[in-house]
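A note on names: the letters A, B, ... follow the listed sequences, proteins ahead of strands, and every chain is numbered from 1. Everything numeric in this text was worked out from a predicted model, so none of it was measured.
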Amino acid sequence: MAFRGTAHKFGAHVDTDQIIPARYLNMSDPQELAAHVMEDADATFAGRVQAGDIVVADVNFGCGSSREHAPISIKAAGVSCIVAKSFARIFFRNSINLGLPVVECPEAVEATDEGDTLQVDLSAGTVTNMTKERSFTAKPYEPFMLELLDAGGLVEYTKRRLQAASR
Amino acid sequence: MGMTMAEKILAAHSGRAGVEPGELINVKVDLVMANDVTAPIAIQNFRRLGVSRVFDPERVCLVPSHFAPNKDIRSAEQMKVMREFAREQGCVYYEQGQAGIEHILLPYRGHVVPGDVYVGADSHTCTSGALGAFATGMGSTDIAVAMATGEIWMKVPETLRVIYHGKMGRWVRSKDLILHTIGQIGTDGATYCAMQFEGEALAEMSIDARFTITNMVAEAGGKTGLMRVDQTTLEYVRPRARRRWTAYEPDPDARYWQTIELDASAIDITVAMPYSPGNTRPLKELLGGPELPIDQVFIGSCTNARIEDLREAAEIMRGRRVAQWVRCIVIPATQDIYLQALREGLIEVFTEAGCAVSTSTCGPCLGGYMGVLAEGERCVSTSNRNFPGRMGHPKAESYLVNPPVAAASALLGRLAHPDEVASVAATR
């Protein structure tokens, strides 16, 4: 799996309240949520983000609440993957479960500026900054996580497992 | 090699003699929870799994808490999805008026017991770890799978041990210990870790106070926070438990990722300043600086709205009035606590002091409703988070404190020390 897109850069400790504020948690439709994605971190983001774009962030991205609305809104906005120095635990889990690739690669984050073109290759475990012509090795995924992403997320993965067990 | 509490519980729930940090395992769960915000997405995914029944309706708890009682039509629709699913499946469901904040309600009503693996679609599920359970927050999709199969994948966490030596000073509460700890290690200081709390200060602490510490493990990025089962735990658990429990002790030769030793007697009243629970300062340093006038005080949330918290706040407010230009909102965590506060006369004390007292809800803690902040407003709160926009407008400010400090601040109209209350004239 590989993705290429424009980088949108965010700072450290971007929490789920900034990704999708609680005032929108009375809805769960992905497209409605996408209209407010990252609103309290950058109110212009939802209007600017293009399909395939890549979110780049500093440490502890997605800290705070367990709301799956956060990765749902990012995915529904068309973001292909997130590259950060590190992720908060529940956010990381939720993203993989949804089939939204999240990649830990501090060096790539350091080397990337807003608007750079990035290419992320999950199987090779690399993040390449095409604008700066530099390539970095990401923290490798456990084989199980790749299986989850390949299946399209935890629901599809579990469905297959349940079907296999009932055969 | 010996195991930590977290490792022992996970080993027992994955049918293994032992587990090691970093291993990916399949874990049997004892209890699954979702609330009105997270349940609708979990239910949607449950349906997608093609499963018709939850694995055990008595072990699936659905609790209306965040926007309950329904704050608008959209939240009412979400609430409806959850209650219809609960009816269809025969799940444990507490209706509005009998419920409250799930992290206080479920242990109080004996649904969580020591030794459990408890997964909930809310980050503060870790609160129940004070009972010696492996309690952890997850997202809605994880919870859908847990509801359907009674199992979930987990990575065995490293354990970060925190030892609180000594006794806490006057007006210092468990809230101050955990705020101070997060200030030391940072809001990602325990990421992917189980925290295991020990020490003399804990031994003397009530269950109510212990829950405040494990509650805020989420703010340190932790997966769960565990405390050993002792006499205090058993006195709480025995009359309520709906199932048999197991007390897991850490092995003497358990391996810890890190051990942090803190002297509780040296920890001061601590305040988390905007915009992070890790941005902590001792209260006395702030009182020496420019005055911090406030617009709102919130005494509530899964962190500090148990009966002990309300008693302390009421003791400070008794016979006094909330300062002019301050709104003070008091929300007991559950209906049981509300009733107890009513019987003890605490609701009367708050009402006479000029507080708005509400039925149980998470409401203002997450800027949901019942006390949302406007641009530039400043709030002193007993809750757990103060990120930008957490309690309302992104440019509002929240200061996280213990209940006596919140009550004193309400009376003085600024961030204040409980000892300053003597200067506020009693109304009778």
Testing N45(B), T141(B), D142(B) one by one against N97(A) for a side-chain hydrogen bond (donor to acceptor under 3.5 Å, both in side chains), which residue passes? D142(B)
Could you have a look at A70(A), S28(A), S65(A), G153(A) and say which one has the most heavy-atom pairs with chain B under 4.5 angstrom? S65(A)
Going through the checks in order, is the side-chain contact (heavy atoms from CB on, under 4.5 Å) test met by W153(B) and L154(A)? CA-CA 10 Å; W153(B) 70 271; L154(A) 183 66; 3.9 Å; yes
Under a 4.5 Å heavy-atom cut-off, does chain A meet the side chain of D72(B), its backbone, both or neither? side chain
If you tally heavy-atom pairs under 4.5 Å between each of A22(A), S86(A), G64(A) and chain B, the highest tally belongs to G64(A)
Side chain, backbone, both or neither of F67(B) within contact of chain A (heavy atoms, under 4.5 Å): side chain
Choice from E32(A), E39(A), R23(A) maximising heavy atom contacts with chain B below 4.5 Å: E32(A)
Name the region of R161(A), side chain, backbone, both or neither, that has any atom closer than 4.5 Å to a heavy atom of chain B. side chain
From the list L162(A), I72(A), D40(A), V155(A), the residue making the most non-hydrogen contacts under 4.5 Å with chain B is V155(A)
Given heavy-atom pairs under 4.5 angstrom as the criterion, report whether the side chain, backbone, both or neither of L25(A) touches chain B. both
Is it the side chain or the backbone of T149(B) that comes within 4.5 Å of chain A heavy atoms, both, or neither? side chain
Quick check on the interface: out of V59(A), T158(A), N60(A), who has the most heavy-atom pairs with chain B under 4.5 Å? N60(A)
Could you tell me whether the side chain of N94(A) and the main chain of G139(B) form a donor-acceptor pair under 3.5 Å? yes
Can you check whether G137(B)'s main-chain N or O pairs, donor with acceptor, with R89(A)'s side chain at less than 3.5 Å? yes
Are E142(A) and K155(B) close enough, and set up right, to give a side-chain contact (heavy atoms from CB on, under 4.5 Å), and what steps lead you there? CA-CA 11 Å; E142(A) 327 243 357; K155(B) 192 173 184 172; 2.9 Å; yes
Checking heavy atoms, do the side chain of V145(B), its backbone, both or neither come under 4.5 Å from chain A? side chain
Looking only at heavy atoms, the pair that brings C63(A) and F387(B) closest together is SG-CZ, 4.3 Å
Proximal component of M391(B), with respect to chain A [non-hydrogen, under 4.5 Å]: neither
Select one option (side chain, backbone, both, neither) describing which atoms of V372(B) are under 4.5 Å from chain A's heavy atoms. neither
Non-hydrogen atoms of P388(B) and D17(A) that approach each other most closely: O-CB, 4.2 Å
Would you sort out whether M154(B) and R93(A) count as a side-chain contact (heavy atoms from CB on, under 4.5 Å), showing the intermediate values? CA-CA 10 Å; M154(B) 259 190 218; R93(A) 212 184 149 99; 4.3 Å; yes
Let me know if L24(B) has heavy atoms under 4.5 Å from chain A in its side chain, its backbone, both or neither. side chain
N386(B) CG to D15(A) CG distance, which is reported to the nearest 0.5 Å: 9.5 Å
Given that the side chain runs from C-beta out, which part of L49(B) has a heavy atom under 4.5 Å from chain A: side chain, backbone, both or neither? both
Select one option (side chain, backbone, both, neither) describing which atoms of L148(A) are under 4.5 Å from chain B's heavy atoms. side chain
In terms of heavy-atom proximity below 4.5 Å to chain A, should R385(B) be classed as side chain, backbone, both, or neither? side chain
Heavy atoms, side chains only, cut-off 4.5 Å: are R48(B) and E156(A) in contact? yes
Quick one: do H69(A) and I41(B) satisfy side-chain contact (heavy atoms from CB on, under 4.5 Å)? Show the steps, please. CA-CA 9 Å; H69(A) 310 65; I41(B) 297 176; 3.5 Å; yes
Measuring heavy-atom distances to chain B, does F92(A) have an atom under 4.5 Å in its side chain, in its backbone, in both, or in neither? side chain
May I ask you to name which of H13(A), Q163(A), R67(A) has the most heavy-atom pairs under 4.5 Å with chain B? H13(A)
